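Given the structure is predicted, the values throughout are model-derived calculations rather than measurements.
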Amino acid sequence: LGSGGFGIYFVNNYNDIIEVIKAHAKRALSFDGFIDSLRNKYDGNIPCWSLQQLVVPVYTNINSINRKTQVRAYILYCSNNNSIYYYNKFEVRLPYWDKELVNISTNSNYIDIVETELIGNGNAIPYNYKRSKTDTERYLLEEIEELNGSHSSIVYTLVNAFNNILTVLTTNINSIDSNDSKTSIGIAAIDLIITTENDQFKSYIIELNNNPAMPSNNKNMSSKHKEHLLTFVTELLTFNTYDKNSKRK
């Protein structure tokens, strides 16, 4: 609540958790009508925080800089045949920001901003603090040696996750489009992290983004990544508007 864009925190103990919740509740209450707007939006409820164990992703040493990896996949839903497709090219993002690099004790500006407004009296570390997305480098999965062989793990995770929600997703979308003779198409970007367990890759979905934006020209990306984006957009355009009873070309 009142996160101001800092919605993910690394916490070490129960005190960190409580202090973060208290700090955000204070921010939320400071804005007139904010709590009421949440209740109106979520059927009288207020969204809850979720707590999960830290999963350490595979790191890569590309360009001689040791950085964690994050994978992005794209999912396309087509109401014409109530099917979900995944785009068979996976992106890898390498953020420069890493919580292990934040030194709270020597950064007075960090302490002033974070302790008073975001984390209370605890020692939680917000994920987005001093993170510049323009510094993130973008590659394709095939370009990252440390992730070689992880493709099937990503596919397995995506297929299982969306097979489990397909019925609910189809019902909800069809109820919205019941009076529309056109096909509805939705695209989502799925962020995953890849770990190694017993020398095997394992994928975890960490976030789903609806209406994902195309990276701008000032973003750092490999030439293969740029080519992939052009191809991806071209292929998306083939999913045109169809009659519900027709087959996808």
Side-chain angles (χ1 to χ4, degrees), residues 3 5-12 16 52-75 86-107 109-111 113-114 118-119 123-158 188-209 212-229 232:
S3 63
F6 297 92
I8 300 176
Y9 291 82
F10 298 99
V11 294
N12 299 301
D16 288 350
Q52 68 181 59
Q53 182 179 356
L54 177 65
V55 179
V56 179
V58 172
Y59 275 68
T60 179
N61 197 38
I62 194 169
N63 295 333
S64 299
I65 302 175
N66 195 39
R67 281 179 289 170
K68 60 185 176 183
T69 58
Q70 177 179 306
V71 173
R72 168 157 289 193
Y74 292 98
I75 296 292
Y86 67 86
Y87 193 67
N88 204 28
K89 281 282 187 182
F90 301 131
E91 304 172 0
V92 177
R93 300 184 176 196
L94 307 179
Y96 276 91
W97 190 95
D98 194 316
K99 78 179 186 67
E100 302 299 335
L101 303 180
V102 177
N103 189 336
I104 297 179
S105 63
T106 60
N107 192 329
N109 184 52
Y110 180 94
I111 295 173
I113 295 175
V114 176
L118 301 172
I119 66 172
N123 292 310
I125 299 176
Y127 174 66
N128 275 329
Y129 180 70
K130 288 198 169 180
R131 174 188 173 210
S132 172
K133 291 186 177 181
T134 59
D135 291 335
T136 299
E137 292 189 2
R138 292 164 170 79
Y139 296 87
L140 293 184
L141 185 70
E142 63 201 51
E143 297 182 89
I144 306 300
E145 181 180 354
E146 291 83 354
L147 293 177
N148 182 31
S150 64
H151 186 279
S152 59
S153 170
I154 300 170
V155 172
Y156 177 84
T157 299
L158 293 174
I190 313 299
D191 292 334
L192 307 96
I193 55 175
I194 314 299
T195 67
T196 52
E197 299 179 15
N198 300 320
D199 296 325
Q200 299 290 325
F201 287 110
K202 188 169 184 179
S203 305
Y204 295 87
I205 294 176
I206 57 174
E207 187 178 13
L208 185 150
N209 303 275
M214 179 71 72
S216 57
N217 290 332
N218 67 335
K219 300 295 177 67
N220 298 323
M221 64 183 75
S222 69
S223 58
K224 285 189 176 182
H225 192 283
K226 290 181 180 179
E227 293 173 4
H228 141 72
L229 291 177
F232 182 38

Give the ring-plane orientation class for Phe232 versus His228, where under 30° counts as parallel, over 60° as perpendicular and anything between as tilted. parallel
Rounded at 0.5 Å granularity, tell me how far [atom1] in [X] sits from [atom2] in [Y].
X: Phe201; Y: Ser153; atom1: CZ; atom2: OG; value: 8.0 Å
X: Leu229; Y: Lys89; atom1: CG; atom2: NZ; value: 12.0 Å
X: Asp191; Y: Ile206; atom1: CG; atom2: CD1; value: 5.5 Å
X: Met221; Y: Thr136; atom1: CE; atom2: OG1; value: 11.0 Å
X: Leu192; Y: Ile205; atom1: CG; atom2: CD1; value: 5.5 Å
X: His225; Y: Leu141; atom1: NE2; atom2: CG; value: 11.5 Å

Side chain to side chain, [X] and [Y], heavy atoms closer than 4.5 Å:
X: Leu54; Y: Phe10; answer: yes
X: Val71; Y: Ile193; answer: no
X: His151; Y: Glu142; answer: no
X: Val58; Y: Leu147; answer: yes
X: Ile194; Y: Ser150; answer: yes
X: Ser203; Y: Tyr156; answer: no
X: Pro95; Y: Lys68; answer: yes
X: Ile62; Y: Tyr139; answer: yes

Stepwise side chain to side chain contact (heavy atoms under 4.5 Å, CB included) check, Glu137 with Arg67: CA-CA 10 Å; Glu137 292 189 2; Arg67 281 179 289 170; 3.2 Å; yes
Step by step, would you call Ile190 with Glu207 a side chain to side chain contact (heavy atoms under 4.5 Å, CB included)? CA-CA 6 Å; Ile190 313 299; Glu207 187 178 13; over 6 Å; no
With no hydrogens and no angle check, do the side chains of Asn123 and Asn12 hold a donor and an acceptor under 3.5 Å apart?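 Absent: no donor and acceptor within the cut-off.
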Just checking, any donor-acceptor pair under 3.5 angstrom between side chains of Ser222 and Glu143? yes
Side chain to side chain contact (heavy atoms under 4.5 Å, CB included) between Val92 and Leu140, worked out: CA-CA 5 Å; Val92 177; Leu140 293 184; over 6 Å; no
Considering residues at least two apart in sequence or located in another chain, which fulfil the side chain to side chain donor-acceptor pair (under 3.5 Å) criterion with Thr196?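 Listed in chain order: nothing, the list is empty.
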Contacts of type side-chain contact (heavy atoms from CB on, under 4.5 Å), residue Tyr86, not counting sequence neighbours: Ile75, Asn88, Phe90, Val155, Leu158, Val159
Under the rule for side-chain contact (heavy atoms from CB on, under 4.5 Å), what residues qualify as partners of Lys202, not counting sequence neighbours? Thr195, Glu197, Tyr204
Heavy-atom pair with the smallest gap, counting every atom of Leu208 and Ala188: CD2-CB, 4.0 Å
Ionic contact status for Glu91 with Arg93, cut-off 4.0 Å: yes
